[in-house]
Amino acid sequence: MIDNLPKNYDPKSFEDRIYKHWMDNGYFKAEVNPDKKPFSIVLPPPNITGELHLGHALDHTLQDVLIRFKRMQGFETLWQPGTDHASIATEVKVVERMKQDEGLTKQDVGREGFLERAWKWRDEYGRVIVDQMKKIGNSCDWSRERFTLDEGCSKAVTEVFIRLYEKGLIYRGNRIINWCPDCKTSLSDIEVEHEERMGNFWHIKYPIKDSDEFVEIATTRPETMLGDTAIAVNPEDERYKHLIGKTAILPLMNREIPIIADEYVDLEFGTGAVKITPSHDPNDFEIGLRHNLPQINVMKEDASINSNGGKYAGMDRYEARKQIVKDLEELGLLVDIKERNHSVGQCYRCDTIVEPLTSDQWFVKMEDLAKPAIEAVENSKIKFIPQRFDKIYLHWLENIKDWCVSRQLWWGHRIPAYYCQDCDEIVVSRETPSECPKCGSGDFKQDEDVLDTWFSSALWPFSTLGWPEKTKELEYFYPTDVLVTGYDIIFFWVVRMAFSGIEFMKDVPFKHVFVHGLVRDAQGRKMSKSLGNGVDPIEIVDEYGADALRFTLVTGNSPGNDIRFHMERLDASRNFANKLWNATRFVLMNLTDEEISYDEVKTELNIADKWIVSRLQGVIKEVTDNMEKFELGLALQKTHDFIWNEYCDWYIEMTKTRLYGTDINRKKAAQYTLTYVLENILKLLHPFMPFITEEIWQNVPGFKDSVIIADWPVSDEKLIDVEIERSMELIMDAIRNIRNIRAEMNVVPSRKARLLAWTGREDTKDIIVKGEEYFKSLAGISEIEFVSNKEEIPSDAVAAVIDGGELFLPLEELIDLEKEIERLSKEKEKLESEIKRVNGKLSNKGFVEKAPAHLVDEERDKKVKYEEMLETVLERLKTLESK
RNA sequence: GGGGAAUUAGCUCAGCUGGCUAGAGUGCUUGCUUGACAUGCAAGAAGUCAGUGGUUCGAGUCCACUAUUUCCCACCA
């Protein structure tokens with residue numbers, strides 16, 4: 001007897017120790033190894049803005065499962081970890097902290113002072129994040145940890161910027177962009193979140209010059225009228241045709257603006273006349289270009305009105321709006337105020353309402369880059385799982401616009417563009433240029449702006465492997481095998497990695513994109529700080545263990561779908577861990593140090609041994625298939641069911657008589673099989689529940705090294721025995737039947753009963769003989785007696801009808817006739833409905849002719865079986881009712 | 001305006017390419033201190049697979065429409 005495990009599963013007592021064991025042995029380390037096939041995943045680098053949440057835990061668990069699976073399969077696995085500097089998000093946080101702790105602003109401390117604080121922040125949170133990932137069990141190669149703002153990544157960013165610039169794919173221009181007045185930076189289109197809101201639609205009339213006429217326009221943002229430079233109408237609009245070419249007077253500013261015709265204007269919408277503000281509306285901007293209209297920007301960087309706004313200069317944009325409406329009203333130019341639902345753009349980091357405005361920015365030209373990225377998905381070089389996401393990806397890329405990549409921030413990669421202070425020349429270069437190619441001046445100033453944070457994450461799959469150097473890692477591990485990420489960052493990240501990888505590596509960055517959903521709270525709401533409904537994964541690990549958390553996240557989750565997180569499910573997961581723990585304890589308590597070989601026991605293996613071994617092979621095959629197809633939830637569910645229902649509930653119980661018996665050979669067969677199956681169970685479960693499987697593994701004598709590096713099991717066809725499985729099904733079915741009778745008849749568990757078996761077929765008899773010991777140990781049977789003539793059965797016995805026979809329990813005084821009739825009637829109804837169903841199928845000519853032969857045969861077999869059983873039941877009912 | 005997803009037991013969800021009597025966890029009912037586990041064991045009740053059509057020998061699964069919920073995308077001022 002080996003008794004080295006405590007009675008209850010206590011993850012805290014071993015998880016940290018196990019993780020250290022893995023680290024000390026270098027099991028996570030990836031090497032370039034030409035003798036092995038590579039398998040690589042890059043971790044979506046978590047933002048250093050804070051601590052990890054359940055969404056990360058899900059994302060990381062899925063990756064760890066895949067990596068561990070492949071590692072066991074013998075691949076050279078690289079899970080490349082790292083963190084993201086998250087330019088704008090982190091800058092917002094650092095600014096907040098600075099204000100709170102020191103009462104200082106960015107301007108107070110200056111660029112250098114700010115960056116100093118930001119790096120401090122990064123050191124702090126970078127460490128926290130890594131610690132949290134370790135707690136969850138992630139087997140990343142920590143020796144390769146990277147940061148998007150480290151030296152290597154920065155070098156890659158500069159290189160990419162320069163190469164794109166030289167290719168003409170990056171340009172600087174004055175365009176309309178999204179401006180966040182709070183972060184005081186430009187934003188790309190996807191960094192703006194649109195929300196429907198109720199707002200006002202102000203109808204304003206503009207006087208026509210040299211006329212008594214007015215033209216009425218409608219706007220949701222009256223303050224932008226300060227920058228109006230035209231009025232546009234549809235050229236086909238009969239109402240306004242006569243005004244085209246005339247001049248209107250812009251109220252409040254008293255500026256003369258032309259009335260122009262443009263197809264863009266919708267006759268049906270609003271008044272059919274549109275005020276044109278090229279500097280503050282993307283459509284107006286386009287119209288302005290078409291008609292050579294001047295651009296008048298009326299806002300400062302905090303969105304207050306600038307000197308172009310006349311008497312409103314200095315006012316906040318909403319204050320100005322109020323005043324403008326009031327002034328218009330006083331002038332009698334405000335015609336109407338209507339309520340209207342319209343969409344408002346907000347900054348994705350601070351929720352401030354974004355202003356579109358014209359500004360000098362850097363852009364990436366997207367058309368040429370998008371094309372091959374579209375093709376990569378179209379011809380399946382990149383496959384989305386589930387597939388439906390390729391539509392989303394394609395739609396986005398097909399409608400892509402140029403990407404504004406400059407940000408008026410400090411925390412990030414500074415743009416490698418230098419401006420000659422003596423002429424207007426721009427030089428894009430790896431380092432500060434010494435001489436202006438145009439005027440010869442040596443006086444340069446680097447662009448103040450930094451790059452969009454996604455510019456650097458786009459390079460992650462190759463920048464982390466050493467690009468632009470031609471490293472052996474890059475050669476060996478690129479392209480990565482699968483990218484695991486949430487659907488919410490397909491646009492931000494997946495798309496950009498795709499076109500960057502294709503452009504600079506001439507190959508896709510990943511072959512599969514395994515998409516998961518968001519983790520929501522029990523009510524289905526997004527977890528967020530402001531709602532206070534976030535769950536800290538580390539608290540869960542402390543309370544339930546990392547394995548229970550991982551189990552909870554993987555089960556009940558299918559690709560691409562959100563999951564609701566119910567704390568109660570953690571109990572179930574923990575209970576499963578405890579179950580496995582105790583099953584192992586049972587096995588260990590019944591082992592000796594002596595090693596048992598297969599040859600020693602092979603002639604002693606009985607029906608139960610052969611059954612569980614056969615079933616194991618089936619499970620191995622199915623689970624492996626599921627894993628290969630990214631069906632991780634299914635794989636885990638099947639492993640769980642096998643362990644609990646088949647191994648624990650049936651097989652372990654079936655070994656007890658032999659383990660407690662005196663026949664040493666029979667005992668050894670059970671010990672051998674228990675151990676063999678346990679070993680395989682631990683392997684199958686390890687990717688999902690790495691800690692408990694490792695802890696158990698190392699406590700079983702004879703299990704070599706660590707389960708983390710054990711070979712993934714391969715299903716052995718030779719060990720699959722359909723006949724045995726069928727026999728065992730019959731025995732288990734009979735046992736359930738007897739248990740059911742005993743429960744319904746309220747037979748006390750301690751009361752053993754004789755079993756009288758009548759069998760119509762020889763094979764059924766054989767099976768019952770083989771299962772005799774299990775009827776005794778699992779169904780409370782004292783002895784089995786076969787009868788050839790039903791007349792010998794006492795009339796007060798209770799019957800269980802099985803395939804090919806009838807089992808009688810003579811319970812004498814305990815029998816409740818009515819109850820027994822009721823029970824059998826239920827049985828009868830069930831059989832009748834089954835027979836009806838089977839007959840329906842078999843009498844259908846189409847089914848018999850077109851369905852696969854084995855299915856038809858199966859139905860025929862069933863028909864015979866059920867009809868036999870029904871006959872027996874009817875007979876029995878007749879006997880009872882005559883009493 | 002366009003696109004996607006969801007709708008299966010009281011609750012939370014699986015159900016992969018159409019083929020056993022539709023499953024699990026949890027909750028519920030009943031009985032168990034059975035020498036691994038009460039974080040457990042055994043037995044049980046519980047489903048019109050949202051609705052309507054269609055394809056098929058066969059539909060929870062495929063197609064169309066409808067309803068409800070939900071997410072994403074979009075420049076209608």
Side-chain angles (χ1 to χ4, degrees), chain A residues 5 7-9 190 194 201 217-221 224 232 264-266 268-271 273-277 281-286 342-343 356 386 388-389 391-392 395-396 399 487-488 490-491 517-518 522 524 555-566 568-569 571-590 622 625-626 629-631 633-634 637 640-641 645 648-649 652-653 656 660 736 739-744 746-750 777-778 780 830 833-834 837-838 841 844-852 854-856 858-859 862 866:
Chain A
L5 294 182
K7 190 178 169 196
N8 277 325
Y9 162 69
I190 40 171
H194 295 273
F201 205 30
I217 59 93
T219 180
T220 52
R221 294 184 298 152
T224 61
Y264 160 77
V265 182
D266 182 349
E268 310 294 322
F269 190 83
T271 63
V274 187
K275 64 189 267 310
I276 302 299
T277 324
D281 182 280
N283 298 306
D284 295 7
F285 180 79
E286 294 298 323
H342 65 120
S343 104
R388 64 172 187 268
F389 286 101
K391 232 186 238 176
I392 295 173
H395 179 260
W396 198 74
N399 295 287
Y487 58 73
D488 52 329
I490 290 177
F491 303 142
L518 272 34
T555 51
N557 176 222
S558 55
N561 290 348
D562 291 351
I563 44 175
R564 286 192 194 200
F565 197 81
H566 286 258
E568 303 83 67
R569 294 196 51 228
D571 291 313
S573 305
R574 195 233 5 237
N575 293 353
F576 172 59
N578 188 62
K579 186 72 184 174
L580 175 67
W581 186 265
N582 277 288
T584 307
R585 280 185 64 229
F586 172 81
V587 174
L588 290 177
M589 289 165 104
N590 289 289
E622 285 182 42
D625 283 352
N626 286 140
K629 284 150 70 182
F630 301 99
E631 293 159 0
L634 280 179
Q637 189 63 50
H640 165 276
D641 291 350
N645 303 335
C648 292
D649 287 348
I652 282 185
E653 294 305 324
K656 284 182 177 172
Y660 302 151
R736 278 189 212 105
R739 283 170 172 171
N740 170 260
I741 289 171
R742 294 179 59 112
E744 300 227 335
N746 294 318
V747 181
V748 289
S750 56
S777 60
L778 305 181
K830 214 167 138 191
S833 90
E834 272 315 294
R837 192 189 57 81
V838 173
K841 271 195 165 175
N844 182 337
K845 237 172 125 187
F847 176 74
V848 180
E849 278 165 17
K850 292 188 186 173
H854 74 275
L855 287 174
V856 179
E858 261 174 48
E859 292 300 323
K862 270 188 224 161
Y866 293 144

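Any value given below was found using the heavy atoms of this structure, including those in side chains, with hydrogens, waters and symmetry copies removed. Labels below follow one simple rule: chain letters A, B, ... track the order of the sequence lines, proteins then strands, and each chain is numbered from 1.
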Extract from the structure each pairing of a protein N or O with an N or O of nucleotides 25-36 of chain B at less than 3.5 Å, listing the distance.
from  : atom 1 : to       : atom 2 : distance (Å)
B:A36 : OP1    : A:Lys656 : NZ     : 3.4
B:A36 : OP1    : A:Tyr660 : OH     : 3.4
B:A36 : OP2    : A:Tyr660 : OH     : 2.8
B:A36 : O2'    : A:Asn582 : OD1    : 2.5
B:A36 : O2'    : A:Arg585 : NH1    : 2.8
B:A36 : N7     : A:Lys656 : NZ     : 3.4
B:A36 : N6     : A:Glu653 : OE2    : 2.9
B:A36 : N3     : A:Asn582 : O      : 3.2
B:A36 : N3     : A:Ala583 : N      : 3.3

Query - Euclidean distance for P, B:A38 against B:G19 (whole angstrom) - result: 40 Å
Query - Sequence-distant partners of A:Lys656, salt bridge (Lys or Arg N to Asp or Glu O under 4.0 Å), two or more places apart - result: A:Glu653
Query raised in the report: Hey, is the side chain of A:Asn578 poking within less than 4.0 Å of OP1 or OP2 on B:G40, counting only N and O atoms?
Result: no
Query raised in the report: In chain order, what residues pass the ring-ring contact (aromatic ring centres under 6.0 Å, His included) check against A:Phe576, with sequence neighbours excluded?
Result: A:Phe551, A:His640
Requested in this report: Output all residues satisfying side chain to side chain donor-acceptor pair (under 3.5 Å) with A:Thr584, sequence neighbours left out; order by chain, then residue number.
Outcome: none
Requested in this report: Give the rounded distance in Å between these two atoms: CD of A:Glu286 and C1' of B:C76.
Outcome: 15 Å
Restricting to nitrogen or oxygen on both sides, can you table the protein-nucleotides 47-49 of chain B pairs closer than 3.5 Å?
none

**Report entry** Test log, rule side-chain hydrogen bond (donor to acceptor under 3.5 Å, both in side chains), inputs A:Arg569 and A:Thr555
**Finding:** CA-CA 10 Å; A:Arg569 294 196 51 228; A:Thr555 51; 2.8 Å; yes
Report summary line: Between CG of A:Asn399 and C1' of B:G2 the distance, given in whole Å, is 10 Å
**Report entry** Distance, C1' atom - from B:A46 to B:C28, rounded to whole angstrom
**Finding:** 9 Å
Report summary line: Taken in chain and number order and not counting sequence neighbours, the residues that satisfy salt bridge (Lys or Arg N to Asp or Glu O under 4.0 Å) with A:Asp625 are A:Lys621
Query - Between B:A5 (P) and A:Ile490 (CD1): distance, integer Å - result: 13 Å
Report task. Would you tell me if any nitrogen or oxygen in the side chain of A:Lys391 comes within less than 4.0 Å of OP1 or OP2 on B:G4? Result -> yes
**Report entry** A:Glu622: partners by salt bridge (Lys or Arg N to Asp or Glu O under 4.0 Å), with sequence neighbours left out
**Finding:** A:Lys638
Query - B:A24 and B:U33, which share atom name C1', separated by this distance in whole Å - result: 29 Å
Query - Minimum-distance pair of heavy atoms, taken over all atoms of A:Cys648 and A:Lys579 - result: CB-CE, 3.7 Å
Query raised in the report: To the nearest angstrom, how far is A:Glu744 atom CD from B:A42 atom P?
Result: 17 Å
Requested in this report: Extract the stems that RNA chain B is part of, considering only consecutive pairing runs of at least three Watson-Crick or G-U wobble pairs, both distances under 3.5 Å.
Outcome: B:1-7 with B:67-73, B:10-13 with B:23-26, B:28-32 with B:40-44, B:50-54 with B:62-66
Query raised in the report: Given the P atoms of B:U17 and B:A6, what is the spacing between them in whole Å?
Result: 12 Å
Query raised in the report: Looking only at atom P, what distance separates B:G58 and B:G15, rounded to whole Å?
Result: 26 Å
Query raised in the report: Can you tell me how far the CG atom of A:Asn575 sits from the OH atom of A:Tyr9, to the nearest 0.5 Å?
Result: 10.5 Å
Report summary line: Rounded to whole Å, the CG-P distance (A:Asp571 to B:A38) equals 16 Å
Requested in this report: With sequence neighbours excluded, tell me which residues meet side chain to side chain donor-acceptor pair (under 3.5 Å) with A:Lys841.
Outcome: none
Query raised in the report: Across the strands shown, which category fits A:Tyr264 at heavy-atom distances under 4.0 angstrom: base, sugar-phosphate, nothing?
Result: base
Query raised in the report: When the distance from CG of A:Leu518 to P of B:A5 is rounded to whole Å, what number comes out?
Result: 17 Å
Requested in this report: Could you tell me whether A:Asp266 contacts a base, only the sugar-phosphate backbone, or nothing, with contacts defined as non-hydrogen atoms closer than 4.0 Å?
Outcome: base
Query raised in the report: Taking atom P of B:A74 as reference, at what distance in whole Å does atom CH2 of A:Trp396 sit?
Result: 9 Å
Query raised in the report: If the P atom of B:U39 is compared with that of B:A14, how far apart are they to the nearest Å?
Result: 29 Å
Requested in this report: Using the P atom on both, measure B:G44 against B:G25 and round to a whole Å.
Outcome: 14 Å
Query - Residue pair A:Trp396 / A:Ile190, side-chain heavy-atom distance below 4.5 Å - result: yes
**Report entry** A:Asn590 side chain vs A:Phe586 backbone, donor-acceptor pair below 3.5 Å
**Finding:** yes
Report task. Give the C-alpha distance, both sets of side-chain angles, the deciding distance and a yes or no for side-chain contact (heavy atoms from CB on, under 4.5 Å) between A:Ile276 and A:Val274. Result -> CA-CA 6 Å; A:Ile276 302 299; A:Val274 187; 4.1 Å; yes
Query raised in the report: Got a second to check how far A:Lys275's NZ is from A:Ile217's CD1, nearest 0.5 Å?
Result: 6.0 Å
Query raised in the report: OP1 or OP2 of B:A43 sitting under 4.0 Å from any side-chain N/O of A:Arg739?
Result: yes
Report summary line: Protein heavy-atom contacts under 4.0 Å, written 5' to 3' over nucleotides 13-20 of chain B as B (base), S (sugar-phosphate only) or - (none), form the string SSSB--BS
Report task. Keeping the roles fixed (side chain from A:Arg739, backbone from A:Gly780), state whether a donor-acceptor pair exists under 3.5 Å. Result -> no
Query raised in the report: When we call it a touch if two heavy atoms are under 4.0 Å apart, what does A:Arg736 touch: a base, just sugar-phosphate, or nothing?
Result: sugar-phosphate
**Report entry** A:Asn626 side-chain N/O to A:Glu631 backbone N/O, donor-acceptor pair under 3.5 Å
**Finding:** no
Query - Set of salt bridge (Lys or Arg N to Asp or Glu O under 4.0 Å) partners for A:Asp571, sequence neighbours left out - result: A:Arg574
Report task. Drop me the distance from A:Asn283's CG to A:Thr277's OG1, to the nearest 0.5 angstrom. Result -> 11.0 Å
Query raised in the report: Given the P atoms of B:C49 and B:A36, what is the spacing between them in whole Å?
Result: 44 Å
Each nucleotide N or O in nucleotides 61-65 of chain B that has a protein N or O under 3.5 Å away: list the pair and distance.
none

Requested in this report: Specify the separation, in whole Å, of atom CZ of A:Arg388 and atom P of B:G4.
Outcome: 11 Å
Requested in this report: Show your reasoning for whether side-chain hydrogen bond (donor to acceptor under 3.5 Å, both in side chains) applies to A:Tyr264 and A:Asp284.
Outcome: CA-CA 10 Å; A:Tyr264 160 77; A:Asp284 295 7; 5.1 Å; no
**Report entry** Toward the 5' end of RNA chain B, by each residue's nearest nucleotide, A:Phe201 or A:His395
**Finding:** A:His395
